[in-house]
Amino acid sequence: MNKSTLALAVAVGVLAQQAGAAGFIEDSKATLGLRNFYINTDNRDGPGANKNEEWGQGFDLRFISGYTQGTVQFGVDAIGLYGVRLDSSPAKSGNSSGSASGGTIFPSDGNRAVPDFASLGLTGKVKISQTELKIGTLQPNNPVIKTNDGRLLPQTFQGGQITSNEIKDLTLTAGQIEHAKGRNSTNNEGLSIANANAGSNYSKGEFTNKFYFAGADYKITKDLTASYYYGELKDFYTQNFLGLVHNWAIGPGVLKSDLRYYRSRDNGANGDTATYFSPGYYGGNITKGKVDNNLYSYLALYSVEGHTFGGGYQYTNGDSDFPWLNQGDGSSNSTITDMQIQKFARAGERTWQARYGYDFAKVGVPGLTANVIYLRGNNIETTVGDKTEWERDLTVAYVIPEGPLKNLGFAWKNAMWRTDLASTRSQDENRLIVSYSIPLL
């Protein structure tokens, strides 16, 4: 029995036996999210399509139930996703060759974007005291696995997760993920990493259906939190994470310090089978091999009177690039350098960044924010010498804070990425997003 079937069985059992139980209905919530999404990517310096451009309307319907009464409490969640194509063409879809399963936003039929696509996810849940088990459709977000929400519809995963808060100030998390559903897909697919995923051509890549994770977040004081997480993608890599976050009141503002360390090593077939290898720099002779990476980072953010000033540094060493769950159709990780276009986590790369943000509520315009980030990475190890890359991301967003159009949001995301890496095209990208959240329950 797969996770979706089990989740549905739990849901049916709950509704049949406990539908009238206090809490299950009374504490339920339902929300319809609307997202109108346009993206324009300008590819430079090389052969192939110069521009990828698509536009669509997304619908994200979510139901979150309350719990039945009793020592063992039951509930069920559901997520319905539907995307409609408003504009696309074979030349600009991001899949002009038709070799991938999807383009920039939509699944593909050959090299053409489909007119619409949809999916339904169910999650059964059980709660005892302060411990909660969820089985079915999940959207985890922790240091070793992170859901991507950078397009029209979000990525989802299939699996199980348990979270416990039985001990004061300590949160324990553990789970197993079996499949991922991409942000431009309706199919559950296997799990993989860069290079092995064959660029979302699932008939050619190497995939597994086992990703295990576990972790603990401990609040040492009200201002200091320590974290440890472990992740294992069977036949690809193991990963240990240590993190420390501290908030310190300095003068009129607060300084947030975020310190992270990842240790990633090979697992199973990745240690000796070329089709499972990771990209990287291996002794100056080859560009792929087994996972071997250490990543260190520090990010400081000082917030005062609506201003946020930030700076950070990240360093990787070892033979391989930093690994994360990456099926080839859009993914995210929890590093401080996961940006709009690039991740800045190549073998040997050293990246510094500067940030600035402003909340215009301080000058009488609540809901309006602006943020800019600049990153520069160097020491990227290649067979023809060390290379560099840089990216500048600018975001301006406005959400109507009150009135009949409350929660209506507008955002513009602009990014520029430049590099001197061989056979790699620099990019400019714009995203225009109009969103609206409608509470139904």
Side-chain angles (χ1 to χ4, degrees), residues 30-44 48-62 78-121 139 147-156 180-187 189 199-200 327-332 340-341 367 393-400 404-416 427-440:
T31 304
L32 175 61
L34 306 177
R35 177 182 292 181
N36 190 279
F37 187 95
Y38 168 81
I39 185 169
N40 180 317
T41 301
D42 186 1
N43 301 297
R44 298 167 175 263
N50 291 325
K51 183 179 290 186
N52 298 332
E53 186 175 26
E54 290 192 307
W55 179 30
Q57 175 64 51
F59 301 85
D60 185 335
L61 177 62
R62 304 201 182 205
I79 176 172
L81 302 173
Y82 181 54
V84 179
R85 184 190 71 201
L86 297 179
D87 184 54
S88 181
S89 70
K92 296 181 180 180
S93 69
N95 186 22
S96 58
S97 67
S99 61
S101 62
T104 305
I105 293 181
F106 308 103
S108 295
D109 181 4
N111 65 350
R112 295 181 178 274
V114 300
D116 60 356
F117 64 113
S119 65
L120 173 65
Q139 292 186 292
T147 301
N148 181 279
D149 191 21
R151 292 293 186 271
L152 183 67
L153 299 177
Q155 179 187 40
T156 61
K181 184 177 294 181
R183 61 197 187 183
N184 60 353
S185 175
T186 60
N187 300 319
E189 305 291 350
S200 79
Q327 283 60 254
D329 55 1
S331 59
S332 293
Q340 182 168 326
I341 297 177
D393 292 357
L394 171 65
T395 300
V396 179
Y398 177 65
V399 178
I400 297 176
L405 294 179
K406 181 180 179 180
N407 297 325
L408 178 62
F410 306 87
W412 171 48
K413 295 177 178 289
N414 172 269
M416 296 177 61
Q427 293 181 354
D428 291 343
E429 184 179 274
N430 285 284
R431 304 178 189 179
L432 298 174
I433 306 165
V434 179
S435 58
Y436 190 42
S437 178
I438 305 172
L440 303 177

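Values reported hereafter were calculated over all heavy atoms of this structure, with side chains retained and with hydrogens, waters and symmetry mates removed. Throughout, residue positions are numbered sequentially from 1 according to the sequence presented.
F37 approaches I433 most closely through the heavy-atom pair CD1-CG1, 3.6 Å. When every heavy atom of Q340 is checked against every heavy atom of D393, the shortest pair comes out as N-OD2, 3.1 Å. Among all heavy-atom pairs drawn from R183 and S331, the shortest one is NH1-N, 4.5 Å. For the pair G80 and L120, the tightest heavy-atom approach, listed with the atom from each and the gap, is CA-CD1, 4.3 Å. The heavy-atom pair separating D42 from N50 by the smallest distance is OD1-O, 3.2 Å. Residues S437 and T31 come closest through the heavy atom pair OG-CG2, 3.3 Å.
The side-chain heavy atoms of N43 and N52, taken from C-beta on, include a pair separated by under 4.5 Å.
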Could you give me the CA-CA distance, side-chain angles and deciding distance for D60 and R35, then say whether side chain to side chain contact (heavy atoms under 4.5 Å, CB included) is met? CA-CA 8 Å; D60 185 335; R35 177 182 292 181; over 6 Å; no
Could you go through N184 and T104, starting from their C-alpha distance and side-chain angles, then the distance that decides it, and tell me whether this counts as side chain to side chain contact (heavy atoms under 4.5 Å, CB included)? CA-CA 7 Å; N184 60 353; T104 305; over 6 Å; no
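Checked against E54 for a side chain to side chain donor-acceptor pair (under 3.5 Å), the options S89, S93, S88 give a single hit: S88.
Annotation: side-chain hydrogen bond (donor to acceptor under 3.5 Å, both in side chains) contacts of R431 (sequence neighbours excluded): E429.
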Side-chain polar contacts of residues 407-416 - donor-acceptor pairs under 3.5 angstrom, sequence neighbours left out - could you list them?
unit_1, atom_1, unit_2, atom_2, d
W412, NE1, N430, OD1, 2.8
N414, OD1, R392, NH1, 2.7
N414, OD1, R392, NH2, 2.9
N414, ND2, N430, OD1, 2.8

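Side-chain atoms of Y82 and Q57 include no donor-acceptor pair closer than 3.5 Å.
Between the side chain of N148 and the backbone N or O of G330 there is no donor-acceptor pair closer than 3.5 Å. Between the side chain of R85 and the backbone N or O of F106, no donor-acceptor pair lies under 3.5 Å. Using modelled atom types, no side-chain atom of D116 and backbone atom of V84 make a donor-acceptor pair closer than 3.5 Å.
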